[in-house]
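Whatever order the structure lists them in is the order used to number ligands and atoms, beginning at 1. Remember, it's a predicted structure, so these values are computed and weren't measured experimentally. Numbering of residues begins at 1 and proceeds along the displayed sequence.
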Amino acid sequence: MDLPRFARPRGENGSSSSSPNLYVANCGPAVGISHRTVAAVFGDFGDVKGVHAADETGTRVIVCFSEESSARAALEALHGRPCPLLGGRTLHIRYSIIRPSISQLNDSVSVSLSASELNIPGLYLLHDFVTAKEEEELLLEVDARPWNNLAKRRVQHYGYEFCYQVNEYPPGVGLSPHIDTHSAFEGLIFSLSLAGPCIMEFRRYTEGTWHKCPSSIDLKMENSVNDSNYLRRAIYLPPRSMLLLSGEARYAWHHYIPHHKIDMVKDSAIRRGPRRVSFTFRKVRTDPCRCKFPHYCDSHR
Ligand SMILES: O=C(O)CCC(=O)C(=O)O
Ligand SMILES: [Fe+2]
């Protein structure tokens, strides 16, 4: 999703900075109100140029009018009272402002539905890799075993020579950006998603220095120069899909699960399920990594 260049004003008094664009909270696709319906309701006050998601919650929108006077009329009529045409919801409306920085513009990235659309070499996504029945059986199997509680998610570890990991994420819980350590694991990483959906974001940093995560085997790139100095892509991982990271996708791109309860995928708000369980398969490496990506490789240091 590309966010419009408008944001919620800081401070309490939204009325001080009049504008043709309104920041409208408490309506949107996540509560069953489409952008088209919002446009129709606000259209009573003047020409609406567009309605956009204000952020990734699906409950806040930006309404852009052609004229400032239309925005003022809509704000005066609709702010702070139940709106019968929008399911009786009470709207909280302020004038919106132009987003001040490039980094805020990058808050969100459009989410691809397929690996070919994502276009990262070595990344593959197979939909319906297991059937719904197999999914149910796998979940029964893992739930019959003890879970290891981490701060925000639960894990199970299997094996040594061939190391599988199962992760359980409650709603809204993600994973911080990392590359699975080159020196610890070989070149293919598989991840089977079960139970609930999520999006996975990928980042390729152009410069920076390695930083070992406390309490984990992964490495993170700490970018000392400029946090926005990376390429960003994102893909939707539906339940029962299998993700394969190989080559450049595995060795040079960080992967990351944003901490959202709702993901915006092609203008639809998709709520994370009560939980997502992922089976992550990695093979333990027994010799130093000789990948073609020394900049991202701890065996090359
Ligand atoms: O949950 C997932 O699909 C990925 C997990 C992951 O990246 C990891 O455990 O290193
Ligand atoms: Fe990982």
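- Each of the atoms 2 (C), 3 (O), 4 (C) of ligand 1 lies under 4.0 Å from some heavy atom of S191.
- Distance alone, capped at 3.5 Å, is enough to place a donor-acceptor pair between the S299 side chain and the C289 backbone.
- Of all the heavy atoms of L243, none lies under 4.0 Å from any atom of ligand 1, so neither backbone nor side chain is involved.
- For E137, the side-chain hydrogen bond (donor to acceptor under 3.5 Å, both in side chains) partners two or more places apart in sequence, or in a different chain, are K133.
- Here the closest non-hydrogen pair linking V130 and E134 is CA-OE1, 3.3 Å.
- Proximity to T280 (heavy-atom distance under 4.0 Å) selects the following atoms of ligand 1: 5 (C).
- At a heavy-atom cutoff of 4.0 Å, ligand 1 is contacted by the side chain of L175 but not by its backbone.
- When each atom of ligand 1 is checked for a heavy atom of R276 under 4.0 Å away, the hits are 1 (O), 2 (C), 3 (O).
- Counting heavy atoms of neighbouring residues, nucleotides and ligands inside a 6.0 Å radius, atom CZ of F293 exceeds 12 of them.
- The pair R250-E186 does not count as a salt bridge, with every side-chain nitrogen at least 4.0 angstrom from each carboxylate oxygen.
- For atom 5 (C) of ligand 1, the nearest non-hydrogen atom from the set Y169, F185, F190 belongs to Y169.
- Contacts of E168 with ligand 1, taken as heavy-atom pairs under 4.0 Å, are absent altogether.
- Less than 4.0 angstrom separates some heavy atom of N167 from each of these atoms of ligand 1: 5 (C), 9 (O).
- Ligand 1 places these atoms under 4.0 Å from at least one heavy atom of D180: 10 (O).
- Close contacts of ligand 1 with S278, meaning ligand atoms under 4.0 Å from a residue heavy atom, involve 1 (O), 2 (C), 3 (O).
- Ion pairing between a basic and an acidic side chain is recognised when a charged N comes within 4.0 Å of a carboxylate O; R72 and E67 show no such pairing.
- With a 6.0 Å cutoff to the six-membered ring centre and a 45° limit on the axis angle, R285 does not count as a cation-pi contact of F185.
- At the Fe ion (ligand 2), the angle from OD1 in D180 to NE2 in H178 is 90° when rounded to 10°.
- With values rounded to the nearest 0.5 angstrom, E168 atom CD is found 4.0 Å from R154 atom CZ.
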